[in-house]
Amino acid sequence: MDRDTDTTAKRILVVEDDTVVRTSLTRILERAGFDVVAVAEYGRARDLVEAELFHALITDLDLPDGTGLDLLESVRHLRPGMRSILITGYGCSAIRKQAFELEHVAYFEKPFDPRELLAALD
C-alpha cells in the first residue's frame, strides 16, 4: 500500500450541523482510529471532497445550505467509489430509497448504534 492510500484509508469527512452530534461522531470515530475532518455545511464539505482525499463521508440529511442527498450525488461524481453514509433524524422510505439508489451509500436513522456505523465503514 502506498503512502497516499495508507493516509486516506483512515480519513473520514463528517458533515453534521448539530454541534453535539458532530462532536459525538468525531469522538467515536477518533477512538476507532480514524482521522476526522468535521464540518457543518454542505458547501464546505463539497469543497473538501473536491480538494482532498477521504476514505468515507458521513453526512446528515438536513444541512443549512443544502442536503445530504445533494452532497452524496456530488461525491458520486467527484469521487466515484468513495463510501458514504447518510444519517437522519427524519427517516422515511422515500429518503432511504434515494440513498440506496446512489452507489456505496449506507443509511442510518438517529439514534443509531455506533458499532453499526463503524461496521459500515469497514
Side-chain angles (χ1 to χ4, degrees):
M1 185 180 308
D2 67 28
R3 184 185 276 301
D4 288 337
T5 304
D6 188 42
T7 304
T8 304
K10 291 287 189 169
R11 285 190 84 210
I12 306 292
L13 177 59
V14 172
V15 188
E16 170 62 68
D17 61 320
D18 183 301
T19 304
V20 173
V21 175
R22 187 173 62 248
T23 301
S24 296
L25 275 172
T26 299
R27 286 184 185 147
I28 290 164
L29 294 166
E30 287 176 344
R31 285 184 188 138
F34 291 100
D35 175 25
V36 180
V37 176
V39 298
E41 305 87 17
Y42 164 87
R44 179 74 178 121
R46 190 177 186 293
D47 291 345
L48 284 166
V49 168
E50 195 167 352
E52 300 182 32
L53 295 175
F54 294 92
H55 169 69
L57 164 74
I58 300 172
T59 184
D60 188 22
L61 175 63
D62 293 316
L63 301 168
D65 60 340
T67 72
L69 286 170
D70 291 337
L71 184 56
L72 293 175
E73 186 66 36
S74 293
V75 166
R76 189 173 85 157
H77 294 289
L78 293 169
R79 302 284 180 201
M82 187 170 107
R83 291 182 182 173
S84 299
I85 296 173
L86 180 68
I87 57 175
T88 182
Y90 309 101
C92 74
S93 60
I95 293 169
R96 180 177 302 158
K97 182 179 181 218
Q98 284 181 282
F100 287 134
E101 287 174 353
L102 298 170
E103 296 175 22
H104 309 288
V105 176
Y107 174 89
F108 290 92
E109 292 182 14
K110 297 175 189 173
F112 51 84
D113 184 335
R115 292 171 295 194
E116 291 178 11
L117 179 77
L118 292 171
L121 292 170
D122 286 336

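Index from 1, following the sequence.
The nearest pair of heavy atoms linking Thr26 to Ala38 is OG1-CB, 3.6 Å. Gly68 and Thr59 make their closest contact through CA-OG1, 3.8 Å (heavy atoms, listed as atom of the first residue, atom of the second, distance). Of all heavy-atom pairs spanning Ala40 and Pro64, the tightest one is O-CD, 3.4 Å. The two residues Ala106 and Phe108 come nearest to each other via the heavy atoms CB-CE1, 4.1 Å. Residues Ile12 and Phe54 come closest through the heavy atom pair C-CD2, 3.9 Å. Nearest approach of Arg11 to Leu53, heavy atoms of both residues: NH1-O, 3.1 Å.
Atom CG in Leu57 sits 8.5 Å away from atom CD1 in Ile85 (nearest 0.5 Å). Note that NE2 of His55 and CG of Asp122 are 7.0 Å apart. Values are rounded to the nearest 0.5 Å. Leu121 CG to Lys10 NZ: the interatomic distance, rounded to the nearest 0.5 Å, is 9.0 Å. With values rounded to the nearest 0.5 angstrom, Leu78 atom CG is found 11.5 Å from Leu48 atom CG.
Contact annotation: the side chain of Leu71 approaches that of Arg46 to within less than 4.5 Å [non-hydrogen atoms, C-beta and beyond]. Inter-residue side-chain proximity for Leu86 and Leu61 is flagged as met; some heavy-atom pair is nearer than 4.5 Å. Using a 4.5 Å cut-off on side-chain heavy atoms (C-beta onward), Leu117 and Leu25 make contact. Proximity of Leu29 to Leu118: side-chain heavy atoms (C-beta onward) are separated by under 4.5 Å at one or more points. Proximity of Leu63 to Glu41: side-chain heavy atoms (C-beta onward) are nowhere separated by under 4.5 Å. The shortest side-chain heavy-atom distance between Glu52 and Leu13 does not fall under the 4.5 Å cut-off. Side-chain contact between Arg44 and Asp65 is absent, with no heavy atoms from C-beta onward closer than 4.5 Å.
Residue-environment remark: CZ (Arg79) exceeds the threshold of 12 foreign heavy atoms within 6.0 Å.
Remark: the backbone N or O of Ala56 is not paired with any side-chain donor or acceptor of Arg83 at under 3.5 angstrom.
Shown here are the ring pair (Phe, Tyr, Trp, His ring centres under 6.0 Å) partners of Tyr107, two or more places apart in sequence or in another chain: there are none. Partners of Arg115 according to the side-chain hydrogen bond (donor to acceptor under 3.5 Å, both in side chains) rule, which considers only residues two or more places apart in sequence or in another chain, are Asp113. Every residue was checked against the salt bridge (charged side-chain N to carboxylate O under 4.0 Å, His left out) condition with Glu30, not counting sequence neighbours, and none meets it.
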Give the C-alpha distance, both sets of side-chain angles, the deciding distance and a yes or no for salt bridge (charged side-chain N to carboxylate O under 4.0 Å, His left out) between Lys110 and Asp60. CA-CA 10 Å; Lys110 297 175 189 173; Asp60 188 22; 3.4 Å; yes
